[in-house]
Amino acid sequence: MSSSIPCHLPLVTIIGAGRVGSTLAQRIAEKNLADVVLLDIVEGMPQGLALDLMEARGIEIHNRQIIGTNNYADTAGSEIVVITAGLPRKPGMSRDDLLRTNAKIVVEAAKNAIAHSPNAIFIVVTNPLDVMTYLAWQATGLPRKRIMGMAGVLDSARFETFIALELGVLPADVKAMVLGSHGDLMVPLSRYATVNGIPITELLDAATIDRLVERTRNGGAEIVELIQTGGAFFAPASATSLMVESILLNQSRLLPIATYLQGEYGLNDVVIGVPCRLGCGGIESILELNLSDSEREALQTSAKSVRKNIERSQEILAAN
């Protein structure tokens, strides 16, 4: 009997073998989506994690290859490169506090990866995500459809979770969309949030919705404060895995993705989260929603904050 899994699967490289990167490797392998290269600068760590994941293959019933390495040459020919490398947040830190250190890490990772996989699609997960995606876009010289940031998928999932908990409904029945930057100025679109097609404005009062919106904006910080020694990694890995799946299986899913804008929503030369169709070529199209005046103003404010940090990052990189 022939297998439904092809003999050759695509290769996904994950740069950064921390909690997000290693959990993402597990998600991709156990979904049978691709073989995985897990790369990190710490000698032995990615190799050990890869061996641990390989030893679980018989139990999880898949035959994906997972390689751990410190050498970018082992990433050659990757269809997708995911950058998770960088310092995580600690209690009291904002994503923007990570700017100085992570800018250098992401630029170096992007340049090394593109040299070995010139046809790859890049997904950036490192914070501050919108700025890091912009820097990776600059460093690689890729067309915007092939480089993007994972933020809106995670933020939307958090919004959906909080709505589901409030109403006591199945999370899968809740659909929501969060635009803007991956930070305190993100823009959850309450009027687009539904439970099995019913707008949440029919199910919750305005004060409750405002409370859930605020919790969504602080969703990452809430987890950092609870864990103390690091940030979220299960949900970020799942969100990134969803994007990888949409690309590899050419699903053309409509997802909120951090992308470089060239006039859409009245914004130029900035990376920010907006609805995009994601398929095998990367970002196939950008959907411009009919935003209210307050939503559009909030998106503009979010973009101004990102642009300010982009300028700071350029100064930091130029000084080194």
Taking atom [atom1] of [X] as the centre, does the number of heavy atoms from other residues, nucleotides or ligands within less than 6.0 Å exceed 12?
X      : atom1 : value
Asp205 : CG    : yes
Leu170 : CG    : yes
Gln262 : CD    : yes

Donor-acceptor contact present, side-chain [X] to main-chain [Y], <3.5 Å:
X      : Y      : value
Ser156 : Val178 : yes
Asp130 : Ala258 : no
Thr84  : Gly16  : yes
Thr133 : Leu129 : yes
Ser117 : Thr75  : yes
Ser246 : Leu242 : no
Asp155 : Pro188 : no
Glu264 : Leu261 : no
Asp35  : Leu11  : no
Thr216 : Arg158 : no

For residues 233-253, pull every pair meeting salt bridge (charged side-chain N to carboxylate O under 4.0 Å, His left out), keeping only residues two or more places apart or in separate chains.
-> Lys31-Glu245
Give the intermediate values and the outcome of side chain to side chain contact (heavy atoms under 4.5 Å, CB included) for residues Met54 and Arg57.
-> CA-CA 5 Å; Met54 289 282 281; Arg57 293 187 304 168; 3.5 Å; yes
Side-chain polar contacts of residues 269-285 - donor-acceptor pairs under 3.5 angstrom, sequence neighbours left out - could you list them?
unit_1, atom_1, unit_2, atom_2, d
Asp269, OD1, Tyr134, OH, 2.8
Asp269, OD1, Tyr260, OH, 2.9
Asp269, OD2, Tyr134, OH, 3.3
Arg277, NH1, Ser252, O, 2.9
Glu284, OE1, Ser252, OG, 2.9
Glu284, OE2, Ser252, OG, 3.1

Any chance you could lay out the side chain to side chain contact (heavy atoms under 4.5 Å, CB included) test for Glu79 and Val12, step after step, and finish with the verdict?
-> CA-CA 6 Å; Glu79 276 81 359; Val12 174; 5.9 Å; no
Scan the side chains in residues 38-50 for donor-acceptor partners under 3.5 Å anywhere in the protein, sequence neighbours excluded, and list what turns up.
unit_1, atom_1, unit_2, atom_2, d
Asp40, OD1, Val42, N, 3.0
Asp40, OD2, Ala17, N, 2.8
Gln47, OE1, Gly44, N, 3.1
Gln47, NE2, Asn70, OD1, 2.9

Hydrophobic cluster identity match, [X] and [Y], side-chain contacts under 4.5 Å:
X      : Y      : answer
Ile105 : Trp137 : no
Leu51  : Ile67  : no
Leu289 : Leu185 : no

CA sep, side-chain torsions, deciding dist, call: Val36, Arg64, side chain to side chain contact (heavy atoms under 4.5 Å, CB included) = CA-CA 8 Å; Val36 178; Arg64 303 285 51 82; over 6 Å; no
Could you tell me whether Glu214 and Arg211 make a salt bridge, using a distance below 4.0 angstrom between a side-chain N and a carboxylate O?
-> no
Are the side chains of [X] and [Y] in touch, meaning some heavy atoms are under 4.5 Å apart?
X      : Y      : value
Ser22  : Gln26  : no
Val213 : Ser190 : yes
Tyr72  : Thr13  : no
Tyr265 : Glu288 : yes

Please walk me through it: do Val82 and Ile28 pass side chain to side chain contact (heavy atoms under 4.5 Å, CB included)?
-> CA-CA 12 Å; Val82 182; Ile28 291 171; 5.6 Å; no
Residues Ser238 and Arg27: side-chain donor-acceptor under 3.5 angstrom = yes
CG of Asn112 to CG of Asn71, rounded to nearest 0.5 Å, is 9.5 Å
